[in-house]
Amino acid sequence: MYETRRKKYLNLLNENSISLFYSGFLKHKTGDQYFPFEANRNFFYLTGIVQENVILAIVKGKEKSESFLFLEPIDPIKALWDGETLSFKKAAEISGIKIENVRNIESFDSFIMQNTGFSRGAKFGIIESLYFDLEKHVKSNFLSEIELLANNYKAKYPGLNIKSSSKILVKLRMIKDEYEIKQIKKAIEITKLGLENVMKNLREELNEREIEAEFNYILNKNGVKTSFDTIAASGVNGTTLHYISNNSNIGKGDLVLFDLGVNYNNYASDISRTFPASGKFSNRQRLIYEIVLKANKETIKWLKPGVSIAEFNDYGKKILIDECKKINLIKEDSEIAKYYYHSLGHYLGLDVHDVGLYEEKIPENAIITVEPGLYIKEEGIGIRIEDDVLITKNGAVSLSSSIIKEIDEIEKFMKG
Ligand SMILES: [Mn+2]
């Protein structure tokens with residue numbers, strides 16, 4: 001599978017090049033504590049390996065192409081403390097890179113030197129370019145680790161062109177293969193179990209964090225983690241889009257908005273549901289909920305390959321506008337901005353807000369979220385309903401259709 005992905009990557013690449021992908025390092029937290037390790041997503045996409053300080057080198061020569069993996073050998077002393085790291089054999093197995101191409105990371109510099117020169121060792125011919133994954137992630141004037149590294153190579157090898165592989169990876173990652181669809185389905189399945197436990201235990205007298213714990217409990221039991229910080233927002237808190245404090249007491253008659261997901265084998269789900277803490281929607285809540293639900297369902301029905309993200313956004317928004325006019329919440333189209341202030345969805349995959357060429361049309365086998373919402377601060381109502389859908393040639397298929405969202409079904413479930 002990873003070999004197939006590397007082949008696809010090679011097809012979109014200039015020849016006479018070496019592409020370098022770095023798994024990354026543990027990020028320091030404080031004292032002797034580190035943040036949990038997250039492998040660089042593009043590195044993982046091409047290797048399946050989650051371990052720090054591993055380098056993938058993909059060489060595309062004129063005649064032949066090959067992949068190499070560089071990692072630390074197992075350190076028996078370190079292993080006593082932290083457990084064993086991947087053996088070369090295991091790394092070869094996971095990545096599909098042949099064992100003779102899996103090497104000690106200490107030999108990496110000489111590998112680059114040898115293959116970019118004119119020596120007898122340069123078996124791929126003349127190398128003209130080095131590709132790095134140079135996508136900008138942080139809005140800052142500081143250079144990222146990978147930018148610093150690319151600059152170092154530029155200084156060390158001024159004869160080589162430095163190029164970015166990021167856009168090629170975005171193109172590939174936008175379109176999900178069968179394995180990826182399966183992982184996301186699995187992530188959604190556990191999300192469903194978590195949300196059912198939430199519905200079962202939701203009561204007006206709880207604090208938001210207590211109900212969040214009911215979700216986490218199911219995740220823990222299933223050996224998975226969240227794919228992003230859970231939002232469990234009651235009443236007016238639901239109108240703050242990225243409310244993650246989850247520490248308010250739930251009020252009488254409140255709706256509670258949950259926006260949450262599971263990371264399964266490095267793939268994310270991203271689901272939103274809104275439940276009445278009492279188990280019953282009020283008439284007003286019902287009215288607003290049905291509008292959001294309509295936008296959710298009709299947009300999913302309408303979606304197909306070839307529509308643009310802009311058209312997608314407009315389609316769902318138009319439904320919200322029309323329905324809000326009908327109930328006299330707004331008079332002019334533009335007034336919707338007061339009650340709906342985010343976009344309708346995003347690509348989903350290895351990252352919860354996954355990479356995608358947002359200016360291009362939505363391709364077949366993309367997975368996107370559909371998440372309309374309405375937020376009426378003055379009434380303490382925040383509602384969002386979000387599903388994860390697969391774009392097939394026959395239209396969108398909701399992968400989260402088994403997570404209930406009809407009012408009757410929710411009330412019935414919560415009644416037990
Ligand atoms: Mn989302």
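Each ligand, and each atom within it, is numbered from 1 in the order the structure gives. Everything numeric in this text was worked out from a predicted model, so none of it was measured.
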Notebook entry, point to check: Looking at D270, which of its N, O or S atoms is the nearest one to the Mn ion (ligand 1)?
Noted result: OD2
Check: Under 3.5 Å, is there a donor-acceptor pair between the N201 and N197 side chains?
Finding: yes
Note to self: Could you go through F68 and F108, starting from their C-alpha distance and side-chain angles, then the distance that decides it, and tell me whether this counts as ring pair (Phe, Tyr, Trp, His ring centres under 6.0 Å)?
What the structure shows: CA-CA 10 Å; F68 298 82; F108 178 70; over 10 Å; no
Notebook entry, point to check: Parallel, tilted or perpendicular: which describes the rings of Y179 and Y2, with under 30° parallel and over 60° perpendicular?
Noted result: perpendicular
Margin query: If the cut-off is 2.8 Å, does any N/O/S atom of E386 fall short of it from the Mn ion (ligand 1)?
Written below: yes
Notebook entry, point to check: So, is H353 placed with an N/O/S atom under 2.8 Å from the Mn ion (ligand 1), counting both backbone and side chain?
Noted result: no
Next item on the list: Report, rounded to 10°, the angle at the Mn ion (ligand 1) between the two atoms NE2 (H346) and OE2 (E371).
Entry: 80°
Next item on the list: Please confirm whether K60 makes a cation-pi placement over F124, using NZ or CZ under 6.0 Å from the six-membered ring centre and within 45° of the ring normal.
Entry: no
